[in-house]
Amino acid sequence: MTVLVTGGAGYIGSHTVRALRRTGRDVVVLDTLERGNREALLDTPLVVGNIADADLVQSTCAQYGVDEVIHFAAYKSVGESMQRVGPYMHNNVDATVSLLDALSAAGIGRIVFSSSCSVYGTPEIVPVTEAAPIRPESVYAETKAIVERVLHWYGEVAGIHSVSLRYFNAAGASFDSVIGEDWDAAINLIPMVMKAVLGFRPPVQVFGTDYPTPDGTAIRDYVHVDDLADAHIRALDYLAGGGVSTALNVGTGIGSSVKEIIIATESITGRTVPADYVGRRAGDPVSTFADPRLVRATLDWTPQYGLYEVIETAWNWHLSHPYGYKPGPAK
Ligand code: WQD
């Protein structure tokens with residue numbers, strides 16, 4: 001049983017690759033390394049290339065005896081997507097269609113897809129269930145919603161069964177600090193908080209303190225990246241056991257505010273988080289967190305880690321890798 005992991009040199013991909021190998025599965029990664037890091041793969045076989053290259057996908061599947069796929073490869077910046085609609089549609093949607101055609105030709109019928117809670121846009125009701133309306137509010141989120149529909153039809157017509165995992169806010173790092181988020185490019189809250197604590201960046205900007213929430217700051221569902229990795233493995237097992245195609249919210253079901261993240265970081269690191277309290281960021285929902293009942297019932301998945309482990313592993317990673325996977329500033 002070999003798993004092809006596209007985009008496996010990325011943040012969630014590399015943690016999932018490590019978890020897959022710990023279960024004894026063979027893994028091969030296909031990644032352009034445009035945004036991924038070879039170092040994050042340790043000694044996992046890596047084919048450097050694009051999922052849109054049908055010949056490469058088919059030759060890789062044949063060479064490694066691929067039976068199933070986890071598909072992470074995509075551009076993932078909400079902000080960037082609103083400036084570069086073409087590259088996002090080509091890289092996230094067109095390339096996935098090419099990938100699915102190549103997998104179908106290779107007779108591979110099981111795929112787990114890296115989707116996102118951002119397909120819901122600003123949810124009217126929290127916690128968010130899978131019945132919530134799909135209303136993407138960014139090009140990035142739209143590409144995730146489109147690929148989910150593409151997967152539906154490849155299931156109907158080409159017999160490729162899929163599980164789309166709609167992540168909430170992925171965060172944290174490996175417990176041994178060997179791999180983590182390549183925070184050079186990351187502008188998500190937790191990497192920004194860590195950079196501010198380490199003095200690598202100016203104070204973290206807190207986007208909005210006047211939200212209708214207990215402390216006035218926005219609420220999200222922060223799920224540890226190793227818990228996310230486990231959900232992918234369970235999704236593969238579910239499909240291998242004959243599970244029907246589906247889409248599942250993957251979050252802890254617990255909402256945490258920006259201020260709570262800052263307080264937890266100061267408690268765990270023993271340091272002050274330099275923060276500037278500024279206006280709201282356009283497009284930010286007040287609050288979004290998952291209703292995890294369906295993913296629990298379908299995959300028997302429950303998160304093993306909470307906010308403490310998210311912050312602690314992120315801190316240990318950033319402290320031991322102040323420049324992410326980069327060797328550090330020129331001497
Ligand atoms: C979190 C909270 C900000 C930065 C992300 C991805 C999205 C999806 C879900 C995967 C918000 C606040 C942030 C900062 C801040 N994941 N914040 N200062 O926007 O919830 O969505 O996870 O597909 O694609 O983008 O994540 O980390 O940017 O923001 O105050 O410097 O932190 O307003 O409330 P977001 P985020």
Side-chain angles (χ1 to χ4, degrees), residues 7 10-13 15 35 71-82 88 92 113-123 126 128 134 136-148 164-172 181 183 185-197 200-225 228 231-232 247-252 255-265 273-290 307 310-311 314:
Y11 172 40
I12 303 171
H15 286 78
R35 303 199 173 174
H71 176 34
F72 292 102
Y75 293 150
K76 64 172 187 176
S77 166
V78 171
E80 180 189 48
S81 79
M82 301 305 280
Y88 268 71
N92 291 10
F113 172 57
S114 168
S115 189
S116 166
C117 69
S118 57
V119 301
Y120 298 116
T122 301
V126 288
V128 184
I134 302 298
E137 294 172 356
S138 70
V139 169
Y140 160 81
E142 188 68 57
T143 68
K144 293 300 184 180
I146 293 169
V147 169
E148 286 193 18
S164 292
L165 297 178
R166 295 172 181 165
Y167 313 151
F168 280 69
N169 291 53
E181 188 169 7
W183 59 314
I187 57 169
N188 291 96
L189 177 66
I190 288 175
M192 296 301 273
V193 165
M194 297 303 163
K195 293 174 195 178
V197 173
F200 282 92
R201 281 286 176 86
V204 62
Q205 291 192 302
V206 175
F207 297 137
T209 56
D210 61 346
Y211 284 107
T213 60
D215 64 20
T217 61
I219 291 171
R220 296 290 183 276
D221 184 333
Y222 298 93
V223 52
H224 195 281
V225 63
L228 270 181
H232 291 78
L248 300 169
N249 290 348
V250 187
T252 65
S256 301
S257 73
V258 176
K259 265 191 189 154
E260 284 174 316
I261 297 293
I262 290 175
I263 291 165
T265 302
V273 175
D276 289 338
Y277 293 84
V278 298
R280 297 181 179 188
R281 179 173 68 176
D284 271 346
V286 179
S287 171
T288 178
F289 53 94
L307 196 58
V310 162
I311 301 292

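Whatever order the structure lists ligands and atoms in, that order sets their numbers, starting from 1. Below, all heavy atoms of this structure are taken into account, side chains as well, without hydrogens, waters or symmetry copies.
Counting protein heavy atoms only, atom 35 (P) of ligand 1 is closest to N169 ND2, 3.6 Å. Nearest protein heavy-atom contact of atom 28 (O) of ligand 1 is R281 NH2, 3.0 Å.
Here's the thing with N188: one of its N/O atoms is less than 3.5 angstrom from an N/O atom of ligand 1. The shortest N or O to N or O distance between L189 and ligand 1 is below 3.5 Å. Considering backbone and side-chain N/O of V204, none are found under 3.5 Å from N/O of ligand 1. In terms of polar-atom proximity, defined here as any N/O pair under 3.5 Å, Y167 makes no such contact with ligand 1. By the 3.5 Å distance cut-off applied to N or O atoms, S115 is not counted among the residues near ligand 1.
Heavy-atom minimum distance, S138 versus V78: CB-CG1, 3.7 Å. The two residues V310 and A171 make their nearest non-hydrogen contact at CG1-CB, 3.6 Å. The shortest heavy-atom contact between Y277 and K259 is CE2-CE, 4.0 Å. The two atoms that bring K195 and A186 nearest to each other are NZ-O, 2.8 Å, heavy atoms only. Nearest heavy-atom pair across S116 and Y140 is CB-OH, 3.6 Å.
Side chains of Y88 and E142: no donor on one and acceptor on the other come within 3.5 Å. Side-chain atoms of S114 and Y167 include a donor-acceptor pair closer than 3.5 Å. In this structure, a donor-acceptor pair under 3.5 Å is absent between the side chains of S164 and E148.
Considering F207, F168, Y140 only, the shortest heavy-atom separation from atom 23 (O) of ligand 1 involves Y140.
Atoms of ligand 1 found under 4.0 Å from any heavy atom of A218, numbered from 1 in the order shown, are 34 (O). In the vicinity of Q205, heavy-atom distances shorter than 4.0 Å reach the ligand 1 atoms 14 (C), 15 (C), 18 (N), 30 (O), 31 (O). Of all atoms in ligand 1, numbered sequentially from 1 with element shown, those under 4.0 Å from a heavy atom of V206 are 30 (O). Ligand-side atoms of ligand 1 in range of V78: 24 (O), 25 (O), range being under 4.0 angstrom from any heavy atom.
The part of I187 lying near ligand 1 is the backbone, judged by heavy-atom distances below 4.0 Å. Counting heavy atoms under 4.0 Å from ligand 1, residue Y222 touches it through the side chain alone.
Contacts of E137 classified as salt bridge (Lys or Arg N to Asp or Glu O under 4.0 Å), with partners at least two apart in sequence or in another chain: none.
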